[in-house]
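Contents: one structure, followed by commentary.
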Protein chains: 2
Amino acid sequence: MIHEKKRTFNEFAASKGLRSTRQRDIILDVFLSTHQHVSVEELYLKVKASNPGVGQATVYRTLKLFVEAGLAREVLLHDGQTRFEHVMAGEHHDHLVCTGCNAIIEFENETIEKLQDEIATRHGFKIRSHKLEIYGLCASCKG
Amino acid sequence: MIHEKKRTFNEFAASKGLRSTRQRDIILDVFLSTHQHVSVEELYLKVKASNPGVGQATVYRTLKLFVEAGLAREVLLHDGQTRFEHVMAGEHHDHLVCTGCNAIIEFENETIEKLQDEIATRHGFKIRSHKLEIYGLCASCKG
DNA sequence: CGGTAAAATGAAAATGATTATCAAAAGCAG
DNA sequence: CTGCTTTTGATAATCATTTTCATTTTACCG
């Protein structure tokens, strides 16, 4: 399938004069095949599984490019590792993070988004992105 | 003034069988004298200014105690340093973070809090805390 | 009051994630 | 192809945070 994110990245690369490389293709493919909050380490391991030659530094560098290109976003959880998630055009999801088992439940709420817009407007603020994380115990962990 | 947070911490210390030490008193005083999002480094420097003997590790250790005691909360911004903010009993504030000048504007919104409770309930989730950060450009920076 | 066991501290080493360096390899325009 | 520039991979460096451990403090008990 021709992923529309690949197009996005190619356009970004072209506009920045970046060269097209095998490793960037691989890393983008692997990233697109993941779901939710991949850490660099996790992604690196997945990449290495099929392409042993690729270095960790390249994965770091490439993920930063994805963020610049607008197709990934950094998520800081409390495990000391920066994670990356997919940016979905138009929609935005937030997270319920279970501090018991580290499970992450995603949700969306239109009203909250609207309220954020109002708040921003009231402060003369131009929103670029946001992050809402709710910490607590999930159904299984609260026992 | 007898800060009510000191009482909170003393109760916590007592319940945990922690000993009362000079450095914990100092660090608590300095922390209480700060506003918004102090990094460990910043707090350490402030402490060292009046009490050169206190070590950085102690500041780290003590801040974690404050979090356990419920009077501080970790805030992860994108500058690679963990920051700590005051937990205000009952109320919770969120942040508008300007990506231009790094200014932080705090706000509160009762409706958003209520919506979060609803969402959590719907997922069988027991909320312990949450974090909402809106990134963008402040009035001066969006110019 | 000492005396003592347990906890806390400070300095320094260790760790873990991320970034910088740099020589070698790869992409691209001519 | 040729030559120039970007990208890469391996490794060293960096930065925040944690551990370690010998030494100092604290709390308690007689």
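Just so it is clear, the model here is predicted, and its values are computed rather than measured. Lettering of chains follows the sequences in order, A, B, ..., and the numbering in each one begins at 1.
In this structure, B:Asp25 places its CG atom 10 Å from P of C:dT9, rounding to the nearest Å. Between the P atom of C:dA17 and the CG atom of B:Leu76 lies a distance of 15 Å, rounded to the nearest Å. Across the protein-nucleic acid pair, A:Leu43 atom CG and C:dA17 atom P stand 15 Å apart, rounded to whole Å. D:dT17 atom C1' lies 12 Å from atom CG of B:Leu63, rounded to whole Å. To the nearest angstrom, C1' of D:dT17 lies 10 Å from CZ of B:Phe84. When rounded to the nearest whole Å, the span between CG of B:Asn51 and P of C:dT9 equals 13 Å. Rounded to an integer number of Å, the gap from CG of A:Leu45 to P of C:dA17 is 11 Å. In this entry the distance linking CD of B:Glu42 with C1' of D:dC15 reads 15 Å, nearest Å.
Residue A:Thr82 has a polar side-chain atom (N or O) positioned under 4.0 Å from OP1 or OP2 of C:dT18. In terms of phosphate contacts, B:Lys64 brings a side-chain nitrogen or oxygen within less than 4.0 Å of OP1 or OP2 of D:dT18. Between B:Tyr60 and D:dT17 there is a side-chain polar atom (N or O) within less than 4.0 angstrom of OP1 or OP2.
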Checklist outcome for this item: In 5'-to-3' order, the base (B), backbone-only (S) or no-contact (-) status of each nucleotide in nucleotides 5-14 of chain D, using a 4.0 angstrom heavy-atom cut-off, is BBSBB-----
Next on the checklist: Before you tell me yes or no, could you show the steps for B:Leu63 and B:Val38 under side chain to side chain contact (heavy atoms under 4.5 Å, CB included), namely the whole-Å CA-CA distance, both residues' side-chain angles and the distance that decides it to 0.1 Å?
Outcome noted: CA-CA 11 Å; B:Leu63 279 171; B:Val38 220; over 6 Å; no
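Rounded to the nearest 0.5 Å, atoms CG (B:Leu115) and CD (B:Glu110) are 10.5 Å apart. Between atom CD of residue A:Glu74 and atom CZ of residue A:Phe84 there is a gap of 4.5 Å, rounded to the nearest 0.5 Å.
A ring pair (Phe, Tyr, Trp, His ring centres under 6.0 Å) check over residues 103-130 of chain A, counting only residues at least two apart or in different chains, returns the pairs A:His92-A:His130.
In this structure, B:Asp25 does not pair ionically with B:Lys6, as no charged nitrogen and carboxylate oxygen lie closer than 4.0 Å.
Screening A:Gln81, A:Lys46, A:Gln56 for a side-chain hydrogen bond (donor to acceptor under 3.5 Å, both in side chains) with A:Glu41, the sole residue that qualifies is A:Gln56.
No engagement by B:Ser39 is indicated, since no non-hydrogen atom pair under 4.0 Å with the nucleic acid exists.
Side-chain contact between A:Phe9 and A:Arg24 is present, with at least one heavy-atom pair separated by less than 4.5 Å.
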